[in-house]
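Worksheet: one structure, shown below.
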Amino acid sequence: MIGIDRNTGRTLTGWEQMISRVQQVMTTRIGGREKRRGFGSRVPETLGRNMSDQQLILAQSYAIDAFYNPVNGISDFQPTRCIASRHDS
């Protein structure tokens, strides 16, 4: 699949294109697009919350769920694991 980089406008193919697609899905909340209401994930809901163990599990499950949503267009990739972790910042 061929795509366009959101920031630079250059053509993306292969793994770079896949990373771009996943980043776009994970940073867009469901309902955030006017014409594609089902596009996105619930991951943005977890941002800015206290990262308890429960929130980390929710973030992981929301991320995996996004791969199985056909509207997102990333179902050609099947995740084998998803790890959410805490950082200092």
Side-chain angles (χ1 to χ4, degrees):
M1 185 176 268
I2 297 174
I4 297 174
D5 187 299
R6 297 168 30 163
N7 300 318
T8 64
R10 71 182 180 88
T11 303
L12 297 175
T13 59
W15 187 246
E16 280 186 321
Q17 211 292 356
M18 182 63 188
I19 290 171
S20 175
R21 287 168 47 199
V22 170
Q23 284 177 339
Q24 191 170 5
V25 168
M26 296 301 165
T27 58
T28 303
R29 64 178 176 79
I30 293 179
R33 288 191 171 185
E34 192 65 35
K35 294 186 178 183
R36 292 179 68 192
R37 289 286 185 192
F39 181 87
S41 72
R42 294 184 65 188
V43 172
E45 294 175 20
T46 64
L47 299 177
R49 292 188 177 175
N50 184 8
M51 279 294 139
S52 64
D53 291 337
Q54 180 182 6
Q55 286 298 321
L56 289 174
I57 291 169
L58 278 175
Q60 288 175 178
S61 66
Y62 292 162
I64 290 173
D65 183 54
F67 281 95
Y68 294 99
N69 182 353
V71 177
N72 291 334
I74 56 175
S75 58
D76 52 341
F77 180 79
Q78 300 296 319
T80 56
R81 68 186 138 171
C82 178
I83 301 170
S85 60
R86 295 179 187 91
H87 296 279
D88 291 339
S89 58

Side-chain touch P79/Y68, heavy atoms, less than 4.5 angstrom = yes
Given side chain to side chain contact (heavy atoms under 4.5 Å, CB included), test R21 with D76 step by step and report yes or no.
-> CA-CA 11 Å; R21 287 168 47 199; D76 52 341; 3.1 Å; yes
At what distance, to the nearest 0.5 angstrom, does CG of L58 lie from CD of E45?
-> 9.0 Å
Donor-acceptor pair, N69 side chain versus G38 backbone, under 3.5 Å?
-> yes
Is the count of non-hydrogen atoms from other residues, nucleotides or ligands lying under 6.0 Å from L47 atom CG greater than 12?
-> yes
Which atom of A66 lies closest to which atom of S41, heavy atoms considered | CB-CB, 3.6 Å
Determine whether I30 and I74 fall in the same hydrophobic cluster, where Ile, Leu, Val, Met, Phe, Trp and Tyr are linked whenever their side-chain heavy atoms lie under 4.5 Å apart.
-> no
Between CD of Q60 and CG of D65, what distance do you get to the nearest 0.5 Å?
-> 13.5 Å
From Q24 atom CD to R33 atom CZ, the distance as rounded to the nearest 0.5 Å = 4.5 Å
Does V25 reach the side chain of F39, with side-chain heavy atoms less than 4.5 Å apart?
-> yes
Following the transitive rule for hydrophobic clusters with a side-chain heavy-atom cut-off under 4.5 Å over Ile, Leu, Val, Met, Phe, Trp and Tyr, establish whether L12 and I19 coincide in one cluster.
-> no
How long is the gap from OH on Y62 to CZ on R29, to the nearest 0.5 Å?
-> 14.5 Å
Should we count CD of Q78 as having more than 12 external heavy atoms under 6.0 Å?
-> yes
Consider only side-chain heavy atoms of I, L, V, M, F, W and Y, link residues closer than 4.5 Å, and tell whether I57 and V43 are in one cluster.
-> no
Please answer: with hydrophobic residues joined when any side-chain heavy atoms are less than 4.5 Å apart, are M18 and V71 in the same cluster?
-> yes
Atom of G31, atom of R37 and distance for their closest heavy-atom approach = O-NH1, 2.6 Å
Treating Ile, Leu, Val, Met, Phe, Trp and Tyr as nodes and any side-chain heavy-atom pair under 4.5 angstrom as an edge, say whether I64 and M26 lie in one connected cluster.
-> yes
